[in-house]
Amino acid sequence: MITGDAWRRTAHERGDTVTITVDGEPVRACTGETVAAAMLTAGAAFEQDRNRAPRAPLCNMGTCFECAATVDGRPLTRTCLVPARAGMVIDTPGRL
């Protein structure tokens, strides 16, 4: 069993709040967190499968591509690897 300081947050304070745009809607994010984390927190949809069921990031480390979206005009960007910064534009429709 792990005890003591083994389970602690790596950042003691969150970064400044910024706004990113996801599918035309403003989403609050903190600098230092990933775009995927901001989208998950806001409840933003990543994609839908063929049955219209919502999809979301699976690995959060860049291997599964479930979080891929168009970020600032770059298609198939893994949002779990991109730090949020003010003014980013993320588009998720038509990814697949």
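For clarity, every value in this text was computed on a predicted model and none was experimentally measured. The first residue in the sequence is number 1, and the count goes up from there.
Annotation for Ala38 and Val27: closest pair O-CG1, 3.8 Å, computed over non-hydrogen atoms. Arg28 and Glu33 make their closest contact through O-OE2, 4.5 Å (heavy atoms, listed as atom of the first residue, atom of the second, distance). Here the closest non-hydrogen pair linking Ala69 and Ile90 is CB-CG2, 3.9 Å. Closest approach of Ala36 to Pro57, counting heavy atoms only: CB-CG, 4.3 Å.
Applying the side chain to side chain contact (heavy atoms under 4.5 Å, CB included) criterion to Thr41, with sequence neighbours excluded, gives no partner residue.
Here Met39 contributes atom CE and Ile20 contributes atom CD1; the two are 7.0 Å apart, rounded to the nearest 0.5 Å.
Note on Val35: it clusters hydrophobically with Leu40, by side-chain heavy-atom contacts below 4.5 Å among ILVMFWY residues.
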Hey, can you pull the donor-acceptor pairs under 3.5 Å for the side chains in residues 78-86, sequence neighbours left out?
from, atom 1, to, atom 2, distance (Å)
Arg78, NH1, Gly62, O, 2.6
Thr79, OG1, Cys67, O, 2.9
Arg85, NH1, Asp72, OD2, 3.2
Arg85, NH2, Asp72, OD2, 3.1

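Side-chain contact check for Pro26 versus Thr21: every heavy-atom pair is 4.5 Å or farther apart.
Judged by distance alone, the side chains of Thr92 and Asp23 do bring a donor and an acceptor atom under 3.5 Å apart.
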